[in-house]
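Reading through the structure tokens given below for one structure.
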2 protein chains.
Amino acid sequence: MTTINPFASNVTKPTLLRLPSYLDVIQRARKEGVRRLSSAEIGKELGYGSVQVRKDLASISNAGKPRTGFDVVQLEKDIRKALGYDEQRYAVLLGVGHMGRALMNYIGFAENGLQILAGFDVKPSDDESLKDKVLPLSALSDFCAKNHVDLAILTVPAEQADNATAEIVAAGIPAIWNFAPTTIHVPEHVIVQNENIAESLGLLWYRMKTEN
Amino acid sequence: MTTINPFASNVTKPTLLRLPSYLDVIQRARKEGVRRLSSAEIGKELGYGSVQVRKDLASISNAGKPRTGFDVVQLEKDIRKALGYDEQRYAVLLGVGHMGRALMNYIGFAENGLQILAGFDVKPSDDESLKDKVLPLSALSDFCAKNHVDLAILTVPAEQADNATAEIVAAGIPAIWNFAPTTIHVPEHVIVQNENIAESLGLLWYRMKTEN
DNA sequence: TAGATTGTTAATCGATTAACAATC
DNA sequence: TAGATTGTTAATCGATTAACAATC
């Protein structure tokens, strides 16, 4: 008995985190007119072993064929689907500071299925280009009642993180992408993904100390 | 035979990535006047098991005492040291776009031992507050000859990533913190740490699909 | 067909968790 | 001293890598 969809259910977290790097290699190859790539070629570009590449890709695609390698066009589709980049999702952003503005201005999110509908802040934005996309924080729950919102992007300072989180939860938004450099507290059903940028600096410093 | 420094050499990567979350909990506790915390209390706040907390912390500190738990002040010092936050390191930033400006304006880096000396861009910055800290890209190697630079922060668009990387390598900077959403190519001795922000969106979408 | 490359089963490696002895 | 909590050894779990059979 094979299931109808053999993929998708058994993708591990490490695999999921490597998929974007495969996507990058594949997309660049396609733009250069390459039709097929072997697992060894893909791995070499990224510093992964060919077995790892095959195992990762086998869990989300059957674009690989013995003898010829992976079909670039097919594989790109499958990776984008596995990552959920093929579906549109809608976000609001809380905290229109430097980081908030950078994210609101980042064009690449369209490629990842993310659209930021509006930014919210206690202060009105001084950035001309964003003026009509930034609303007062008090308007959040009303906005969420009138629009479908899948995700809140949290870019407030650490001190305001728990307050802003409470607003997000009250507005019924089911997931938070947390860029505030602190732990936030949510009810069980709310999904939180932390993106503390400074977090990986410790790893980098450690590598700089030990790898030389 | 015990080594003089029993810590530091056997810290695993997963542990290193959890240390900042411990630091956050510890610092907030200290600000509230708390003197000691047990591994169970720390773990509860972060959603880790108490054994994991003890194992992580034992690898970098001996601030834990049976019966009383962990000394908050001592532990904070030890974590900051393990993460390298106690030493000052100097960076330049390439690509003063939205993300580059956000990083140049982020005050928190001082806490992580990071100081951004200057930004470099092909175009002069239109941001008044940064004007005197942004130099033309052509001045990079000269700047690096005159200043001690440990790290290059790469915030250029994906298409310019490999060119900018070549400049960084030519200038002799030993490590790159790569925010460009693409793979960059460096000689073996250069340390690269990738920080592709959109990368974790795939994981978030997957969790949103499966956890509900 | 012969051979290159895939997908998968088994072996290894590393990290987490459980059990418990050490200790303040 | 008795008991709470640490640090560590052993067991489990999960991910990576090696070996190889399947297949185009």
Side-chain angles (χ1 to χ4, degrees), chain A residues 1-3 5-19 21-22 25-26 29 34-75 78-79 82 203 206 210, chain B residues 2-3 5-19 21-22 25-26 29 34-72 74-75 78-79 82 203 206 210:
Chain A
M1 277 297 261
T2 34
T3 53
N5 180 358
F7 320 127
S9 53
N10 56 342
V11 192
T12 68
K13 184 178 164 181
T15 296
L16 223 26
L17 289 172
R18 280 188 296 268
L19 287 182
S21 63
Y22 296 125
V25 171
I26 296 294
V34 175
R35 291 277 189 74
R36 288 175 228 90
L37 283 174
S38 73
S39 56
E41 290 169 314
I42 296 171
K44 195 184 175 192
E45 177 71 6
L46 294 165
Y48 307 155
S50 70
V51 184
Q52 177 145 92
V53 174
R54 288 204 296 284
K55 202 148 214 221
D56 283 341
L57 297 183
S59 71
I60 54 114
S61 170
N62 52 14
K65 294 279 172 288
R67 185 85 223 242
T68 50
F70 290 83
D71 181 290
V72 162
V73 173
Q74 181 61 43
L75 184 56
D78 290 339
I79 296 177
L203 179 59
Y206 187 81
T210 55
Chain B
T2 33
T3 52
N5 181 356
F7 320 127
S9 53
N10 55 343
V11 192
T12 67
K13 184 178 164 183
T15 296
L16 224 25
L17 289 173
R18 279 187 297 267
L19 287 182
S21 64
Y22 296 126
V25 171
I26 296 294
V34 175
R35 290 278 188 73
R36 288 176 227 91
L37 283 175
S38 72
S39 58
E41 290 170 314
I42 296 171
K44 196 184 174 192
E45 177 71 7
L46 295 165
Y48 307 156
S50 69
V51 183
Q52 176 143 92
V53 174
R54 288 203 298 284
K55 200 147 214 219
D56 283 340
L57 297 182
S59 71
I60 55 114
S61 171
N62 52 13
K65 295 279 173 288
R67 185 86 222 245
T68 50
F70 290 83
D71 181 291
V72 162
Q74 182 61 42
L75 184 55
D78 291 340
I79 296 176
L203 178 58
Y206 187 82
T210 56

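These values consider heavy atoms only, across backbone and side chains, with no hydrogens, waters or symmetry-generated copies. Residue numbering restarts at 1 for every chain, and letters A, B, ... go by the order of the sequence lines.
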Quick one: closest heavy-atom pair of [X] and [Y], and the distance?
X      : Y       : value
D78(A) : I60(A)  : CB-O, 3.7 Å
L16(B) : L203(A) : CD2-CD1, 4.0 Å
V53(A) : G43(A)  : CG2-CA, 3.7 Å

| field | side-chain contact (heavy atoms from CB on, under 4.5 Å) against E45(B), all qualifying residues, sequence neighbours excluded | value |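 With neighbours one apart ignored, the set is H185(A), V25(B), R28(B).
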
| Heavy-atom check, side chain of L57(A) versus side chain of I42(A), under 4.5 Å |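 Yes. Closest side-chain heavy atoms under 4.5 Å.
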
| message | Quick check: do R54(B) and S50(B) have side-chain heavy atoms less than 4.5 Å from each other? | response |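 Yes - at least one pair of side-chain heavy atoms lies under 4.5 Å apart.
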
| query | Taking only residues two or more places apart in sequence, or in another chain, which ones meet F70(A) in a ring-ring contact (aromatic ring centres under 6.0 Å, His included)? | reply |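 With sequence neighbours excluded, F70(A) shows a ring-ring contact (aromatic ring centres under 6.0 Å, His included) to no residue whatsoever.
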
| On DNA chain D, nearest-nucleotide positions of R54(A) versus K65(B): which is more 5'? |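 Between the two, 5'-proximity favours K65(B).
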
| With sequence neighbours left out, what residues match R18(B) under side chain to side chain donor-acceptor pair (under 3.5 Å)? |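 Partners of R18(B) under the side chain to side chain donor-acceptor pair (under 3.5 Å) test: D56(B).
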
| message | Going by side chain to side chain donor-acceptor pair (under 3.5 Å), name the residues that satisfy it together with T68(A), two or more places apart in sequence or in a different chain. | response |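 Once residues adjacent in sequence are excluded, T68(A) has no partner under the side chain to side chain donor-acceptor pair (under 3.5 Å) criterion.
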
| request: Mind listing the residues from residues 36-49 of chain A sitting with a heavy atom below 4.0 Å of DNA chain D? Number order is fine. | output: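 By residue number: none to list.
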
| said: When you compare the side chains of Y48(A) and S39(A), does any donor N or O come within less than 3.5 Å of an acceptor on the partner? | reply: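 There is no such pair between these side chains.
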
| Which angle, rounded to 10°, do you find between the first-five-pair axis and the last-five-pair axis of the helix from dG3(C)-dC24(D) to dC24(C)-dG3(D)? |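 Computed from the C1' atoms at both ends, the axes differ by 10°.
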
| field | Contact boundaries on DNA chain C for chain B, cut-off under 4.0 Å to non-hydrogen atoms | value |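 Span of nucleotides near chain B: dA15(C) to dC24(C).
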
| said: On DNA chain C, does the nearest nucleotide to K55(A) precede the nearest nucleotide to T68(A) from the 5' side, or the other way round? Give the residue. | reply: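 Counting from the 5' end, the first nearest nucleotide belongs to T68(A).
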
